[in-house]
Amino acid sequence: MSILKNAVSGATFALAMTLSCGVGAAAPTEADLGSIVHNGRDVAGSSGSACTSGSGAGSGNGSGNCYGGSGSSSGSSGGTATDTTTTGPEMTSWLGAFAYGLANPDANPPGANDWNCKPTAAHPRPVVLLHGTWMNAYNGFAYMGQPMKDAGLCTFTFNYGRSNIIEGGGLGSFLPGVMGTGYIQDSSKQVAAFVDRVLAATGAGEVDIVAHSQGGALANWYTKFDGGAAKVKNLVTFGATHHGTSLDGIGALGRMINNMGIDILGPIEIFVGHAGIQQTIGSDFVNTLNAKGDTIAGVDYTVVGTRYDEITNPYELTFLKAVPGATVNNITLQEGCEQDISDHLTMLYSPRALSIALRALDPAGNHPLACTFNPWVVGGGGSI
């Protein structure tokens, strides 16, 4: 998403400025966008959702399902989930892992998917790992997978939202290692089926979930709408798009333009795919996800954000509020560790992020809270 963001930013910004001059309104700041979402209002006020503005049809679902709320949904719904196969190498660099994952789309992250692994009294729940948009199981967890296994956890993962261009996967779907592009509601059903497989194989009654970016919002949807409430105990998210993202303002401005009656998100959706548009601030998906509260009773949430997040921004939008019966621990990665400058993509390659996940999943395991330098963009597991 960050690569395509730069490609579409110029056109979106120019059109936004033209429209704002015409209607006499200034574009909101990122702080304004954050306030809008936290107050539960649409970015475009009461001018209607994108389901009824824009072209409202397109070649796919459009206003029919209105999943993405873009007004001109490009491509139909669909897509698949696939299992990983041969285990790839452990990686400390996100950049290296991303490249390997593109060339080996079905690689298994180290430490994951030992289907003979059985939970123990010390670690009673298996852990499901969910990657983000335009990523896959391998490059999402090539760093964290083995340390989790070494800590005694049974971890499992798969590739969800694998969609081609006809199914609305966007241009990224031409790259073999790009997953997580299909409608998030479809991916949630894939998660539900995978969790049931894990529970059946391990004999456990519940799972814990560790999720990155879209994976966090996806897990949140699964717990609320697809039966996950009774099957998930701990949900640990990194840079999750729980309240959407402005994509450095591009997605939010595009949403505002759409709600003024000019469909711009439909064409952008051709590039980023269904899931990318669904995660913009003010989408029908985001509004529905949080309509009855950020969380649900019975689930314990550990929510991690980074000040250097260029995708989920403003980064505070990742944080959640607890409803009665839920517990939420919102953590800014740099609090007490300013030298960790992990961005959205390198969070999962940060020793501090790994230690936070282990402490949430294995509170009796005496895991020290790490604090090391972790480079922006490249990532290095605490080194270059």
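Just so you know, these numbers use all the heavy atoms, side chains as well, and skip hydrogens, waters and symmetry mates.
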Review point. Hey, do the aromatic rings of Y138 and H131 have their centres closer than 6.0 Å?
Key: no
Review point. For the side chain of R162 and the backbone of G79, is there at least one donor-acceptor N/O pair under 3.5 Å apart?
Key: no
Point to revise | Residues V195, Q190; criterion side chain to side chain contact (heavy atoms under 4.5 Å, CB included); working and verdict | key: CA-CA 9 Å; V195 167; Q190 296 164 15; over 6 Å; no
Practice item. Find out whether T155 and F141 are in side-chain contact, i.e. whether some heavy atom of one side chain is under 4.5 Å from a heavy atom of the other. Key: no
Practice item. Identify the heavy atoms of H367 and A151 that sit nearest to each other, and give their distance. Key: CE1-CB, 4.0 Å
Check your understanding: So, does N290 use its side chain to make a donor-acceptor pair with the main chain of G293 at under 3.5 Å?
Key -> no
Point to revise | side chain to side chain contact (heavy atoms under 4.5 Å, CB included) assessment of D300 paired with L235 | key: CA-CA 6 Å; D300 295 332; L235 175 55; over 6 Å; no
Review point. Does any N or O in the side chain of T120 come within less than 3.5 Å of the main-chain N or O of H123, such that one atom is a donor and the other an acceptor?
Key: yes
Point to revise | Close side-chain approach of I311 and T241, heavy atoms under 4.5 Å | key: no
Exercise for review: Kindly compute the distance separating NZ (K224) from CG (D226), expressed to the nearest 0.5 Å.
Suggested key: 12.5 Å
Study note, to complete from the structure: When every non-hydrogen atom of S188 is compared with those of Y222, the smallest separation belongs to OG-CA, 3.4 Å
Point to revise | side chain to side chain contact (heavy atoms under 4.5 Å, CB included), paired with V303, selected from T318, T332, T295 | key: T318
Check your understanding: Within a strict 4.5 Å, meaning less than it, do heavy atoms of the V191 and F158 side chains meet?
Key -> yes
Practice item. May I ask you to check whether F238 and H212 place their ring centres under 6.0 Å from each other? Key: no
Exercise for review: Give me the ring orientation class for W115 and F156: parallel if the planes are under 30° apart, tilted from 30 to 60°, perpendicular past 60°.
Suggested key: tilted
Practice item. Give the C-alpha distance, both sets of side-chain angles, the deciding distance and a yes or no for side chain to side chain donor-acceptor pair (under 3.5 Å) between H344 and S213. Key: CA-CA 8 Å; H344 184 80; S213 193; 2.9 Å; yes
Check your understanding: Mind checking whether H243 and L320 have side chains closer than 4.5 Å, heavy atoms only?
Key -> yes
Exercise for review: Might you work through the side chain to side chain contact (heavy atoms under 4.5 Å, CB included) test for I184 and F285, ending with a clear yes or no?
Suggested key: CA-CA 8 Å; I184 300 175; F285 171 81; 3.6 Å; yes
Exercise for review: Please report the C-alpha distance between H274 and D186 in whole Å, then the side-chain angles of each, then the deciding distance to 0.1 Å, and finally whether the side chain to side chain donor-acceptor pair (under 3.5 Å) criterion is met.
Suggested key: CA-CA 11 Å; H274 289 324; D186 293 339; over 6 Å; no
**Study point:** Rounded distance [0.5 Å steps], OG in S342 versus CZ in F373
**Key:** 9.0 Å
**Study point:** Distance-only side-chain donor-acceptor flag, Q146 / D150, under 3.5 Å
**Key:** yes
Exercise for review: Spell out, as yes or no, whether a donor-acceptor pair under 3.5 Å connects the side chain of T87 to the backbone of P110.
Suggested key: no
Exercise for review: Given salt bridge (Lys or Arg N to Asp or Glu O under 4.0 Å), test D362 with R125 step by step and report yes or no.
Suggested key: CA-CA 10 Å; D362 183 25; R125 291 177 299 277; over 6 Å; no
Revision key, fill the gap. Heavy-atom closest pair (T80 atom, T82 atom, distance to 0.1 Å) is OG1-CG2, 4.1 Å
Check your understanding: Are any non-hydrogen side-chain atoms of P147 and E90 less than 4.5 angstrom apart?
Key -> yes
Exercise for review: Examine distances only and state if a side-chain atom of N104 and a backbone atom of Y100 form a donor-acceptor pair shorter than 3.5 Å.
Suggested key: yes
**Study point:** Shortest non-hydrogen contact from P176 toward P105
**Key:** O-CB, 3.0 Å
Review point. Shared ILVMFWY cluster between L369 and L354, side chains joined below 4.5 angstrom?
Key: yes
Point to revise | Test side-chain hydrogen bond (donor to acceptor under 3.5 Å, both in side chains) applied to T84 and N108, N159, T157, the passing residue | key: N108
Exercise for review: Evaluate the side-chain proximity of F194 to V128: yes if any heavy-atom separation is below 4.5 Å, no if none is.
Suggested key: yes
Check your understanding: Distance from F225 atom CZ to K292 atom NZ, nearest 0.5 Å?
Key -> 7.5 Å
Practice item. Could you walk me through whether Q334 and T306 pass the side chain to side chain contact (heavy atoms under 4.5 Å, CB included) test, one step at a time? Key: CA-CA 7 Å; Q334 287 75 32; T306 174; 2.9 Å; yes
Review point. Quick one: do the D343 and T346 side chains pair a donor with an acceptor below 3.5 Å?
Key: yes
**Study point:** Atom pair CG/CD of L218 and Q279 - distance to nearest 0.5 Å
**Key:** 9.5 Å
Check your understanding: Which heavy-atom pair separates N139 from W94 by the least distance, and what is that distance?
Key -> O-CD1, 4.2 Å
Practice item. Answer yes or no: is there an ion pair linking K231 with D208, defined by an N-O contact shorter than 4.0 Å? Key: no
Review point. Got a donor-acceptor contact below 3.5 angstrom from the N313 side chain to the E310 backbone?
Key: yes
**Study point:** Over all atoms of both residues, closest heavy-atom pair of G161 and S187
**Key:** CA-OG, 3.4 Å
Exercise for review: Could you tell me the separation between the OG1 atom of T181 and the CE atom of M135, rounded to the nearest 0.5 Å?
Suggested key: 14.0 Å
Point to revise | pair L333-I356: side-chain heavy atoms closer than 4.5 Å | key: yes
Review point. K118 side chain to C154 main-chain N or O, any donor-acceptor pair under 3.5 Å?
Key: no
Practice item. Kindly indicate whether the side chain of V304, heavy atoms from C-beta on, has any atom under 4.5 Å from the side chain of T237. Key: no
Practice item. Could you give me the CA-CA distance, side-chain angles and deciding distance for T85 and D106, then say whether side chain to side chain donor-acceptor pair (under 3.5 Å) is met? Key: CA-CA 6 Å; T85 53; D106 294 310; 5.5 Å; no
Point to revise | Cluster link F98 to M179, ILVMFWY, side chain under 4.5 Å | key: no
**Study point:** T302/N329 under side chain to side chain donor-acceptor pair (under 3.5 Å): CA gap, chis, key distance, verdict
**Key:** CA-CA 5 Å; T302 300; N329 185 17; 4.9 Å; no
Point to revise | Euclidean distance, Q339 CD relative to C371 SG, rounded to 0.5 Å | key: 3.5 Å
Exercise for review: Answer yes when R307 and E338 have at least one side-chain N-carboxylate O distance shorter than 4.0 Å, and no when they do not.
Suggested key: yes
